Amino acid sequence: MRYDLVIFDNDGVLVDSEPISNRLLAGYLTELGHPTSYEDSLRDYMGGAMHRVHDLVLERTGRRLPEDFDDVFHGRVFAAFERELEPVPGAVGVLEKLAADGVAYCVASSGSHERIRVGHRKAGLDRWFEDRRIFSSQDVGRGKPAPDLFLHAAGRMGVAPERCAVIEDSPLGVQAAVAAGMDVYGFTAMTPAAKLAGATRLFGDMGELADLLVG
């Protein structure tokens with residue numbers, strides 16, 4: 001293994017949540033008078049923290065979202081997770097390989113701690129991620145594309161940035177990893193490769209990742 005720490009994004013990388021959450025986000029914004037398609041949501045918000053939704057809506061319309069927006073949205077997302085959420089195919093195999101080889105890993109997600117834990121529990125990934133391996137944009141001042149979250153995770157795990165590999169599926173996440181001085185592997189299952197062009201390597205099947213990290 002060429003790295004001392006593998007940092008996973010969560011949504012779309014470990015749990016197959018991006019189609020669910022972006023469908024619901026587009027629907028809720030449209031309900032509130034901000035017409036948004038599923039494709040718009042993927043383009044504008046995928047990989048970002050919730051403050052990005054508030055900031056872009058305010059910037060574009062001059063109107064603030066309701067104070068309970070996050071609570072209502074997360075309630076809808078968590079209910080849908082209970083019905084629909086699955087792990088990304090191949091993710092468990094990668095975690096098994098890292099654990100067997102004694103390679104440190106963690107998750108660093110734009111989602112809240114509650115969202116990460118709800119998703120992991122439903123997808124059966126919670127046994128791989130005790131508290132010390134979970135980092136959220138809630139832990140830092142700025143979310144992706146700022147490097148703060150990845151640098152925070154590496155610091156807490158005791159690994160220098162240049163010894164880290166980040167696994168990301170969003171342009172914002174790739175930008176954040178590059179800004180942190182880390183190698184980044186862009187997962188193209190949902191995102192066109194051209195939008196992840198800043199990544200160190202691109203791959204389309206999570207089952208390929210373990211070999212890429214070694215090679």
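Everything quoted here is computed from the prediction, not taken from an experiment.
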**Request:** Taking the side chain as every heavy atom from C-beta outward, state whether Arg121 and Glu82 have any pair of such atoms under 4.5 Å apart.
**Result:** yes
**Message:** Quick check: do Leu32 and Pro66 have side-chain heavy atoms less than 4.5 Å from each other?
**Reply:** yes
**Message:** If only side-chain N and O atoms count, and only distance matters, is there a donor-acceptor pair under 3.5 Å linking Asn10 with Ser109?
**Reply:** no
**Leu14 side, atom CG; Leu95 side, atom CG - distance, nearest 0.5 Å** = 6.0 Å
**Request:** Could you tell me whether Arg201 and Asp183 make a salt bridge, using a distance below 4.0 angstrom between a side-chain N and a carboxylate O?
**Result:** no
**Inter- and intrachain pairs under salt bridge (Lys or Arg N to Asp or Glu O under 4.0 Å), touching residues 190-199, at least two apart** = none
**Complete:** Taken in chain and number order and not counting sequence neighbours, the residues that satisfy salt bridge (Lys or Arg N to Asp or Glu O under 4.0 Å) with Asp101 are Lys97
**Complete:** In short, Gly204 meets Ala189 closest at the heavy-atom pair O-CB, 4.3 Å
**Message:** Under the criterion side chain to side chain contact (heavy atoms under 4.5 Å, CB included), I'd like the reasoning laid out for Leu85 against Ile20: C-alpha separation, chi angles, the key distance, then a yes or no.
**Reply:** CA-CA 8 Å; Leu85 190 64; Ile20 299 170; 4.1 Å; yes
**Asked** Taking it one step at a time, do Phe8 and Glu168 satisfy side chain to side chain contact (heavy atoms under 4.5 Å, CB included)?
**Response** CA-CA 7 Å; Phe8 291 93; Glu168 265 288 355; over 6 Å; no
**Message:** To the closest 0.5 Å, what do you measure between CD1 (Ile116) and OG (Ser110)?
**Reply:** 9.0 Å
**Item:** Approximate separation, where rounding is to 0.5 Å, of His34 NE2 and Leu29 CG
**Value:** 7.0 Å
**Request:** Examine Val53 and Leu172 and state if one hydrophobic cluster contains both, with Ile, Leu, Val, Met, Phe, Trp and Tyr joined whenever side-chain heavy atoms are less than 4.5 Å apart.
**Result:** no
**Message:** Holding to salt bridge (Lys or Arg N to Asp or Glu O under 4.0 Å), I want the full list of residues that pass it with Arg142, two or more places apart in sequence or in another chain.
**Reply:** Asp148
**Request:** Taking the side chain as every heavy atom from C-beta outward, state whether Thr36 and Leu25 have any pair of such atoms under 4.5 Å apart.
**Result:** no
**CG-CZ distance between Leu213 and Phe203, expressed to the nearest 0.5 angstrom** = 8.0 Å
**Item:** Partner residues of Glu114 under the side-chain contact (heavy atoms from CB on, under 4.5 Å) criterion, sequence neighbours left out
**Value:** Phe78, Ser112, Val118
**Request:** Sequence neighbours left out, what pairs pass salt bridge (Lys or Arg N to Asp or Glu O under 4.0 Å) with at least one residue falling in residues 52-77?
**Result:** Glu31-Arg76, Asp44-Arg60
**Prompt:** With the 4.5 Å side-chain cut-off for hydrophobic clustering, are Leu212 and Val214 part of the same group?
**Reply:** yes
**Message:** Under a 3.5 Å distance rule, please check whether Thr200 uses its side chain to pair with a backbone N or O of Tyr185 as donor and acceptor.
**Reply:** no
**Item:** Non-neighbouring partners of Tyr45 that pass ring pair (Phe, Tyr, Trp, His ring centres under 6.0 Å), sequence neighbours left out
**Value:** none
**For Val103 against Tyr3, the heavy-atom pair lying closest together** = CG1-O, 4.1 Å
**Request:** I would like to know whether Asp131 and His113 meet side chain to side chain donor-acceptor pair (under 3.5 Å); could you show each step before the answer?
**Result:** CA-CA 10 Å; Asp131 287 351; His113 279 281; over 6 Å; no
**Request:** Determine, stepwise, if the pair Phe187 / Val88 fulfils side chain to side chain contact (heavy atoms under 4.5 Å, CB included).
**Result:** CA-CA 11 Å; Phe187 184 40; Val88 168; 3.9 Å; yes
**Set of residues satisfying ring pair (Phe, Tyr, Trp, His ring centres under 6.0 Å) with respect to His54, sequence neighbours excluded** = Phe69
**Request:** Would you mind telling me which of Ser17, Ser37, Ser41 makes a side chain to side chain donor-acceptor pair (under 3.5 Å) with Asn22?
**Result:** Ser41
**Request:** If you link ILVMFWY side chains whenever their heavy atoms are less than 4.5 Å apart, which other residues fall into the same cluster as Met190? By chain and number, please.
**Result:** Tyr38, Leu42, Met46
**Asked** Under a single-linkage rule joining Ile, Leu, Val, Met, Phe, Trp and Tyr whose side-chain heavy atoms are separated by less than 4.5 Å, which residues share a cluster with Met182?
**Response** Leu5, Ile7, Phe135, Val140, Leu149, Phe150, Leu151, Met157, Val159, Val166, Val174, Val178, Val184, Leu196, Leu202
**Message:** Could you work out, with side-chain contact (heavy atoms from CB on, under 4.5 Å) as the rule, every residue matching Arg133, not counting sequence neighbours?
**Reply:** Tyr105, Cys106, Phe129, Glu130
**Request:** Evaluate whether atom CZ of Arg156 has more than 12 neighbouring non-hydrogen atoms of other residues, nucleotides or ligands under 6.0 angstrom away.
**Result:** no
**Complete:** Rounded to the nearest 0.5 Å, the CG atom of Asp126 sits from the NE2 atom of His120 at a distance of 8.5 Å
**Ser137 to Gly143 - nearest heavy-atom pair and separation** = CB-CA, 4.4 Å
**Request:** Write down the atom of Thr30, the atom of Ala26, and the distance for their closest heavy-atom approach.
**Result:** OG1-O, 2.8 Å
**Asked** Is the closest side-chain donor-acceptor distance between Thr191 and Asp169 under 3.5 Å?
**Response** no
**Message:** Suppose we screen for salt bridge (Lys or Arg N to Asp or Glu O under 4.0 Å). Which residues come up paired with Glu84, at least two apart in sequence or across chains?
**Reply:** Arg23
**Request:** Check the pair Ile167 / Leu209 against side chain to side chain contact (heavy atoms under 4.5 Å, CB included), numbers first and verdict last.
**Result:** CA-CA 9 Å; Ile167 318 303; Leu209 180 60; 3.9 Å; yes
**Message:** Once rounded to the nearest 0.5 Å, what's the spacing between atom NE2 of His152 and atom OG of Ser136?
**Reply:** 9.0 Å
**Prompt:** Taking all non-hydrogen atoms of both residues, which atom of Gly186 and which atom of Ala199 are closest, and how far apart?
**Reply:** N-CB, 3.8 Å
**Request:** Under the salt bridge (Lys or Arg N to Asp or Glu O under 4.0 Å) rule, collect the residues that match up with Asp9, sequence neighbours excluded.
**Result:** Lys144
**Asked** Looking only at heavy atoms, which two atoms of Val15 and Ala123 are closest? And how far apart?
**Response** CG1-CB, 3.8 Å
